[in-house]
Amino acid sequence: MHYQPQRDLLQNRIILVTGASDGIGREAALTYARYGAHVLLLGRNEEKLRAVAHEISAEGLAEAYWFLLDYATATPDDCQRLAQAISERVPRLDGVLHNASILGDIVPMDKQRPDVWSEVMQVNVNVTFFLTQALLPLLLQSEAGSLVFTTSSVGRQGRANWGAYAVSKFATEGMMQVLAEEYQSRHLRVNCINPGGTRTKMRASAFPTEDPDKLKTPADLMPLYLWLMGDDSRRKTGISFDAQPGRKPGIAE
Ligand code: NDP
């Protein structure tokens with residue numbers, strides 16, 4: 001995407017990033033902070049989150065708060081408690097980037113282990129929904145809230161062996177569409193980003209033989225991530241965007 005954001009695009013915006021400890025989420029949190037946002041980092045690993053918060057403060061940017069939530073075990077009540085803790089630190093949320101996900105096993109459907117299947121649904125779908133429900137009141141305090149989910153090409157067109165992950169991303173697309181319609185007359189827009197193959201830990205575990213140097217980095221994707229959180233996307237809702245339009249799914253050649 002060719003997009004030249006203003007340096008103060010996200011000044012005074014308060015943005016929560018899930019899965020902010022690594023990969024695309026970590027990069028998005030750093031990038032939002034560099035464009036003026038006050039970022040809230042969510043993850044399960046205190047040490048990694050603290051390191052991201054430290055990186056943000058080392059750049060002289062607005063202090064980042066971090067919150068712990070392990071999606072593997074989180075309940076709706078945990079998500080409500082988290083929303084309460086967030087509301088004690090900030091008056092509203094102008095943006096939420098749902099980015100945390102797991103891959104599960106890349107095996108045919110008849111080999112998908114029920115416990116791994118359930119964990120993928122718990123992390124990628126259930127907790128993402130419980131958290132959305134808990135955070136909606138804070139998002140509705142914003143004049144122009146942006147709720148962004150993270151999808152995948154296998155969440156639009158099923159592909160052999162992608163089992164639980166693919167089904168969880170179809171559910172993510174569905175969640176986005178339902179919410180977008182429910183809030184279309186309110187000041188909350190709801191969209192998806194499909195990052196496309198990107199150099200991260202998750203990608204390396206899905207394609208262990210792939211040359212990572214052939215992949216875009218999380219930093220390369222940030223124009224779309226910025227655009228969806230800033231005012232330039234204000235009227236867009238219910239859309240699933242590609243961070244790498246035209247990229248063919250599968251191993252990078
Ligand atoms: P990474 O595996 O690098 O990062 C995933 C993030 O989710 C980490 O912060 C991780 O935390 C967090 N997370 C995982 N499990 C839990 C849990 N139980 N509780 C809380 N947080 C958890 O993945 P990517 O950066 O590659 O992926 C980011 C998003 O982009 C995902 O939604 C993914 O599906 C999507 N995507 C990625 C593509 C790619 O090629 N990379 C392609 C298409 C979509 P921790 O650091 O503790 O492990």
Side-chain angles (χ1 to χ4, degrees), residues 16-31 39-53 55 66-75 78-79 82 96-104 106 115-116 118-128 130-131 148-157 159 162-173 175-176 192-208 210-222 224-225 228 240-245 247-252:
L16 174 82
V17 178
T18 78
S21 53
D22 215 325
I24 297 168
R26 175 185 164 280
E27 188 66 38
L30 284 160
T31 303
V39 292
L40 280 56
L41 315 171
L42 186 65
R44 61 179 165 181
N45 182 319
E46 189 167 0
E47 208 176 309
K48 287 170 83 173
L49 288 177
R50 194 183 288 125
V52 179
E55 251 185 280
W66 45 269
F67 299 86
L68 282 174
L69 187 75
D70 186 347
Y71 282 35
T73 52
T75 63
D78 293 332
C79 294
L82 174 72
V96 171
L97 172 63
H98 280 298
N99 161 84
S101 274
I102 55 170
L103 192 60
I106 308 285
D115 57 332
V116 177
S118 298
E119 196 190 351
V120 173
M121 295 305 157
Q122 159 80 5
V123 171
N124 297 7
V125 183
N126 297 349
V127 177
T128 299
F130 302 150
L131 203 51
V148 179
F149 292 91
T150 308
T151 184
S152 164
S153 58
V154 292
R156 299 176 183 156
Q157 172 70 53
R159 202 178 317 142
W162 284 78
Y165 181 80
V167 173
S168 78
K169 295 298 185 181
F170 269 89
T172 303
E173 295 266 355
M175 189 153 30
M176 175 278 282
C192 276
I193 295 180
N194 165 28
T198 308
R199 200 185 306 165
T200 67
K201 229 174 39 193
M202 182 188 284
R203 177 75 188 185
S205 66
F207 294 96
E210 186 175 50
D211 177 0
D213 290 340
K214 299 230 162 84
L215 291 166
K216 296 282 187 207
T217 65
D220 295 327
L221 315 180
M222 290 301 120
L224 178 62
Y225 281 76
L228 267 180
S240 190
F241 292 94
D242 286 317
Q244 300 182 55
R247 183 187 189 282
K248 290 211 180 68
I251 214 153

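Just the heavy atoms: all of them, side chains too, but no hydrogens, waters or symmetry mates, feed the values below. Indexing begins at 1, ligand by ligand and atom by atom, following the structure's order.
Between the CZ atom in Arg159 and the CD1 atom in Ile106 there is a gap of 9.0 Å [rounded to 0.5 Å]. Rounded to the nearest 0.5 Å, atoms OG1 (Thr150) and CG (Leu97) are 5.0 Å apart. To the nearest 0.5 Å, atoms CG (Asp22) and CE (Met202) are separated by 10.0 Å. In this structure, OH on Tyr165 lies 5.5 Å from OG on Ser101, to the nearest 0.5 angstrom. Within the model, atoms NZ of Lys169 and CE of Met175 stand 9.5 Å from one another, a figure rounded to the nearest 0.5 Å.
The protein heavy atom nearest to atom 12 (C) of ligand 1 is Gly19 CA, 3.9 Å. Here the protein heavy atom with the shortest distance to atom 5 (C) of ligand 1 is Ser101 O, 4.0 Å. Looking at atom 2 (O) of ligand 1, its nearest protein heavy atom turns out to be Met202 CB, 3.5 Å. At the top of the distance list for atom 22 (C) of ligand 1, counting protein heavy atoms only, stands Arg44 NE, 3.9 Å. Protein heavy atom at the shortest distance from atom 7 (O) of ligand 1 is Ala100 CA, 3.4 Å. The nearest protein atom to atom 38 (C) of ligand 1, hydrogens excluded, is given as Gly196 O, 4.1 Å; this is a heavy-atom distance. The protein heavy atom nearest to atom 25 (O) of ligand 1 is Ile24 N, 2.9 Å. Given atom 26 (O) of ligand 1, the protein heavy atom at minimum distance is Thr200 OG1, 2.5 Å.
Residue contact annotation: Lys169 has a non-hydrogen atom under 4.0 Å from ligand 1. At a 4.0 Å cut-off, at least one heavy atom of Leu69 sits close enough to ligand 1 to count as contact. Between Ser153 and ligand 1 there is no heavy-atom distance shorter than 4.0 Å.
At under 3.5 Å, not a single nitrogen or oxygen of Gly43, backbone or side chain, sits near a nitrogen or oxygen of ligand 1. Residue-to-ligand polar distances keep Thr151 apart from ligand 1: every N/O pair is separated by 3.5 Å or more. The shortest N or O to N or O distance between Ser21 and ligand 1 is under 3.5 Å. The distance criterion of under 3.5 Å between nitrogen or oxygen atoms is met by Thr198 with respect to ligand 1. Looking at Arg203 next to ligand 1, no N or O pair under 3.5 Å apart turns up. Not a single N or O atom of Pro195, backbone or side chain, sits closer than 3.5 Å to an N or O atom of ligand 1. Between Asn45 and ligand 1, no N or O atom pair is found at a separation short of 3.5 Å. Ligand 1 has no nitrogen or oxygen under 3.5 angstrom from a nitrogen or oxygen of Asn194.
Of all the heavy atoms of Arg26, none lies under 4.0 Å from any atom of ligand 1, so neither backbone nor side chain is involved. At a 4.0 Å heavy-atom cut-off, ligand 1 touches Asn99 through backbone and side chain alike.
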Show your reasoning for whether salt bridge (charged side-chain N to carboxylate O under 4.0 Å, His left out) applies to Arg247 and Asp242.
-> CA-CA 9 Å; Arg247 183 187 189 282; Asp242 286 317; over 6 Å; no
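Side chains of Val154 and Pro249 form no contact here, defined as non-hydrogen atoms less than 4.5 Å apart. Counting heavy atoms from C-beta on, the side chains of Glu27 and Thr217 never come closer than 4.5 Å. Between Leu41 and Phe67, every side-chain heavy-atom pair lies at or beyond the 4.5 Å cut-off. Side-chain contact check for Asn124 versus Tyr71: every heavy-atom pair is 4.5 Å or farther apart.
Near Ala72, meaning under 4.0 Å from any of its heavy atoms, are these atoms of ligand 1: 18 (N). Set against the non-hydrogen atoms of Thr150, the atoms of ligand 1 under 4.0 Å away are 29 (C), 30 (O), 32 (O), 35 (C). Residue Gly197 approaches ligand 1 through these ligand atoms, each under 4.0 Å from one of its heavy atoms: 40 (O). The ligand atoms of ligand 1 that sit less than 4.0 angstrom from a heavy atom of Asp70 are 17 (C), 18 (N), 19 (N). Distances below 4.0 Å separate heavy atoms of Gly23 from the following atoms of ligand 1: 3 (O), 25 (O). Here is the list of ligand 1 atoms found below 4.0 Å of a heavy atom in Ile102: 14 (C), 15 (N).
Ring-plane geometry between His98 and Phe149 is classed as parallel, the angle between the planes falling under 30 degrees on a 0 to 90 degree scale with a further cut at 60.
For Asn194 (side chain) and Phe241 (main-chain N/O), no donor-acceptor pair under 3.5 Å exists by modelled atom type.
Within 6.0 Å of NZ on Lys48 lie more than 12 heavy atoms contributed by other residues, nucleotides or ligands.
Evaluated for a side chain to side chain contact (heavy atoms under 4.5 Å, CB included) with Leu42, the options Leu68, Leu49, Val96, Leu131 yield exactly one hit, Leu131.
Side-chain contact check for Thr75 and Asp78: at least one donor-acceptor pair (N or O, by modelled atom type) lies under 3.5 Å.
Of all non-hydrogen atoms in Ala20 and Val52, the two that sit nearest each other are O-CG2, 3.6 Å.
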